[in-house]
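Values in this document were obtained by computation on a predicted structure and should not be read as measured data. Just so you know, ligand 1 is whichever comes first in the structure, and atom 1 is the first atom listed for that ligand.
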Amino acid sequence: MENQTEKKKIVFSAIQPSGTITLGNYLGALKNWVKMQDEFNCIFALADLHTITVRQEPAAFRKNICEAYASLLACGIDPEKSPFFIQSHVTTHAQLAWVLNCYTQFGELSRMTQFKDKSAKHADNVNAGLFTYPTLMAADILLYQADMVPVGADQKQHLELARNIAERFNGIYSPTFKVPDPYIAKSGARVMSLQDPLKKMSKSDENANSFVTLLDKPDGIMKKFKRAVTDSEARVAYGEGKDGINNLMSIYATITGKTYEQIEQEFDGKGYGDFKTAVGEAVVEELRPVQERFERYVADKAYMQECYKKSADFAQKLSQRTLDKAMKKIGFVLR
Ligand code: AQP
């Protein structure tokens, strides 16, 4: 965190501890976050407050938070360079979220596709938190005056809303929040479900065969790839209507650095069985060192505690400045 005084662009990113981190989170986000740590002043969070918009079983939730924290350390997030805190430890997030709720319109939140999707999926629990999820996300970002936020396609709409809220607030009062830009990483894949390649791979999917987690054992990983849905053409080639194969090619390309042409040549004349085995093996080897580091971190509770406590202290101090600034402009009397 010492180098965070340097004038580099501020990048904020968070991930939900809503299940075990998937290969999708890893290839689509985490690998890039690790690389970004030297170029930018990165701030990372485990977005546990967001996670309770969907009902969690307490023991599993607690375990997911600890394992997600250890997983990110294992992937290479370094709290010495980039504060990595647990969202619920930093009180300003919920506070600013309330304030921003009062500067966000009902109509704007109603248009969010994630709200529509998640309320359809959890029809028995369409809670107000699910509806106001994007204002909490806006608070997460705006509190740190982030210049950039790495976003997957699924979060673009939420970032756009955060920008609108910031601009609205700045317009009513005076410049208070930095208006954040999306950060599109140079590399990184959108990983799709292994069972329904039209849907993104998601850690809360009910079908465990649809995703590979960072902690899956080698034989489990191989089985999931062998069962992956493909097509009847039996030719390893990237193309329209070949969503399953396209997904496997994209995973293989991201890990090995090979182009689609090179992969097509490598598997010319071979069947899907050989290809699936190769993809599975590449994933196993990619995850092996991550899993070894994970075992070390998860067993060292004292080290993890030290990391998240120090990071939360740093984040609390930094974000309090923005919260106070916003509250003062509105007319609140500061303590
Ligand atoms: N399948 C994916 N491919 C590429 N990137 C992905 N991300 C998520 N899934 C994929 C990226 O991971 C980061 C953290 O995501 P998150 O956990 O905060 O929320 P999410 O996008 O909702 O992830 P999940 O796994 O789908 O969680 P649940 O199932 O709880 O909704 C983000 O940068 C995201 O783009």
Side-chain angles (χ1 to χ4, degrees), residues 11-36 42-57 60-61 64-65 67-69 71-72 75 77 84 86-87 93 112-122 125 129-130 133-134 136-137 140-141 146 148-160 162 180 182-185 187-208 210-216 224 228 243-244 246-251 253-255 283:
V11 172
F12 177 87
S13 298
I15 185 163
Q16 287 195 65
S18 48
T20 309
I21 309 281
T22 67
L23 184 67
N25 297 131
Y26 176 72
L27 294 180
L30 299 176
K31 266 192 103 160
N32 284 319
W33 296 5
V34 170
K35 281 194 215 138
M36 290 165 80
C42 291
I43 299 173
F44 299 116
L46 266 193
D48 57 344
L49 293 174
H50 280 93
T51 307
I52 63 162
T53 53
V54 172
R55 194 77 70 232
Q56 303 293 317
E57 197 279 304
F61 185 37
N64 283 339
I65 294 170
E67 291 194 350
Y69 199 89
S71 298
L72 263 69
C75 287
I77 297 298
F84 170 37
I86 299 177
Q87 187 188 26
H93 290 249
M112 295 294 118
T113 52
Q114 181 180 285
F115 171 68
K116 291 184 207 163
D117 292 348
K118 290 217 166 164
S119 44
K121 205 167 147 199
H122 304 281
N125 183 22
L130 198 59
Y133 178 112
L136 178 57
M137 180 168 153
D140 298 339
I141 300 164
M148 291 185 304
V149 183
V151 275
D154 50 324
Q155 293 295 341
K156 259 198 188 137
Q157 205 187 16
H158 289 165
L159 182 63
E160 195 51 44
Y183 176 81
I184 312 292
S187 64
R190 180 166 161 79
V191 181
M192 309 308 280
S193 155
L194 297 182
Q195 292 299 311
D196 177 0
L198 293 173
K199 258 179 30 188
K200 76 162 188 164
M201 183 179 281
S202 205
K203 56 178 123 58
S204 59
D205 201 311
E206 286 114 40
N207 183 352
S210 73
F211 56 81
V212 168
T213 81
L214 282 198
L215 307 181
D216 281 349
K224 286 183 184 178
D243 305 293
N246 293 350
N247 188 34
L248 296 182
M249 286 181 75
S250 156
I251 293 171
T254 311
I255 292 176
V283 171

Kindly say whether the aromatic ring centers of Phe12 and Phe44 come within a distance under 6.0 Å.
no

Check the surroundings of atom CG in Leu215: do more than 12 heavy atoms from other residues, nucleotides or ligands lie under 6.0 Å from it?
yes

Sorted by chain and residue number, the residues with a non-hydrogen atom under 4.0 Å of ligand 1 are Ala14, Ile15, Gln16, Ser18, Gly24, Asn25, Gly28, Ala29, Lys118, Gly152, Asp154, Ala189, Arg190, Val191, Lys200, Met201, Ser202, Lys203, Ser204

His158 side chain reached by Met112 side chain, heavy atoms, under 4.5 Å:
yes

Any side-chain heavy-atom pair of Thr20 and Phe211 under 4.5 Å:
no

The criterion is side-chain hydrogen bond (donor to acceptor under 3.5 Å, both in side chains); which residues satisfy it with His50, sequence neighbours excluded?
Gln87

Between Phe84 and Tyr69, what is the ring plane arrangement, given parallel below 30°, perpendicular above 60°, and tilted in between?
parallel

